[in-house]
There are 2 protein chains.
Amino acid sequence: MSRNKRDDLIRNALKIFYRNGFNATGMDLVAKETGVSKTSIYKHFRTKDELILAVLRLRDEDFRNWLFRRMEELADSPAGQLLAMFDALEEWFEADGFQGCMFIKASAEFQDKDDAINRQSYAHKELLVDHFARLAEASGHESPRALARELLILKEGAIVIAAMSHNPAPAREAKAIAARILG
Amino acid sequence: MSRNKRDDLIRNALKIFYRNGFNATGMDLVAKETGVSKTSIYKHFRTKDELILAVLRLRDEDFRNWLFRRMEELADSPAGQLLAMFDALEEWFEADGFQGCMFIKASAEFQDKDDAINRQSYAHKELLVDHFARLAEASGHESPRALARELLILKEGAIVIAAMSHNPAPAREAKAIAARILG
DNA sequence: CCTCACATTGACCGATCTGTAAATATTCTT
DNA sequence: AAGAATATTTACAGATCGGTCAATGTGAGG
């Protein structure tokens, strides 16, 4: 299987897991929907967990690329970008197929502290904080790390409530808070 | 089975589902750990989903009772109680067996918009908002509902990050934000 | 003590779970 | 084109899934 086909497999598996959940999705369904037989899948991933980890790596890249680029498109200054994050989130919440944060859901289903899926899910959040902290520092804020962690809390809270309520409003509500702590 | 035994069953099932997850916990395990045979369980709950709904009803009562009482114990004024919520959360995050919010996890595993489990999970959050809004109104705040929704976002964000990172710090960080928007 | 209603049980059902083995296509090298 | 190496498939294994049934245990009323 070429690298390309393997990437297609991961990308298709991502859609299925995001739509259906991890434990609720059997490998038979993954095989059927991706058009790749189970044996071939297991040639490249020793276990279902390894496939999930590969899916989460792809999701991490995709999501950070999308979010950071969108923040740049929506604002010029670092502080403006941090605020614009919530506009980007609102677009996401309104998009077809929005089902909440894949990492929160992965962490919820694989909640063992030492589970690789759990650790990798939190690593994604740490990468977000790193980026927020860089922007906060560039904007001349004192204690950029603390600000970055506060923004992460706002972002995750907005995602969780938007996903549960099927309503994008939490993006604006979180933005209102962010505007106050950024000003 | 007496009402008492039925309640015991629900309470024990709660512990198992909270520790193990919903889809990952089979009814055979529930039967074994509660000491009640599967047939007896299914006499009282027609499906696993109905048992889960009963578990979530109990959790809703338990959690709101605990949180609201703890807020009252920690502060007198309505505004003080809203701020003290984050101290109560910190205690929860530090407690043995803390595994995040059961409703967020239920919503993550049963994400269908029309799923009863999903709707009941969000209903719990709405009850929290109602209480926050009453306190916000009693504290003389303008737009108490908006403030209540903002506090909910802070609370959920703190829970999610605390659960993923196995670190209670988000409680203090969320409290710092709350102090600013309450002042 | 006997009976009847009910609670509870171990065994079981078909479906589905993750993962694998043997057999078949396909591709690459020479 | 021949043969080695690699991909892929079908079929299946053993375990577990949610849920059920026939048989047993139990307690109250006569």
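Residue numbers begin at 1 in each chain, while the letters A, B, ... track the order of the sequences.
Salt bridge present: Asp28(B) and Lys38(B) bring a charged side-chain N and a carboxylate O closer than 4.0 Å. The existence of a salt bridge linking Arg145(A) and Asp130(A) is confirmed by a sub-4.0 Å separation between a basic side-chain nitrogen and an acidic carboxylate oxygen.
For residues 160-169 of chain B, there are no side-chain hydrogen bond (donor to acceptor under 3.5 Å, both in side chains) pairs, not counting sequence neighbours.
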*Contact state string [nucleotides 15-20 of chain D, B base, S sugar-phosphate only, - no protein heavy atom under 4.0 Å]*: --SBBB
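Counting to the nearest Å, the C1' atom of dT10(D) and the NZ atom of Lys43(A) are 14 Å from each other. Nucleotide dC6(C) holds its C1' atom 11 Å from the NE2 atom of His44(B), rounded to whole Å. Counting to the nearest Å, the P atom of dT8(C) and the CZ atom of Arg6(B) are 12 Å from each other. Taking atom NZ on Lys32(B) and atom P on dG10(C), their separation rounds to 13 Å, with Å as the unit. Per the geometry, CG belonging to Leu9(A) stands 10 Å off P belonging to dT8(D), to the nearest Å.
A salt bridge (Lys or Arg N to Asp or Glu O under 4.0 Å) with Glu90(A) is found for one member of Lys155(A), Arg172(A), Arg70(A), Lys175(A) and no other, namely Arg172(A).
A donor-acceptor pair is defined here as one N or O able to donate and one able to accept, closer than 3.5 Å; no such pair exists between the side chain of Ser143(B) and the backbone of Ala146(B).
Other residues, nucleotides and ligands contribute only 12 or fewer heavy atoms inside 6.0 Å of the CG atom of Asp76(B).
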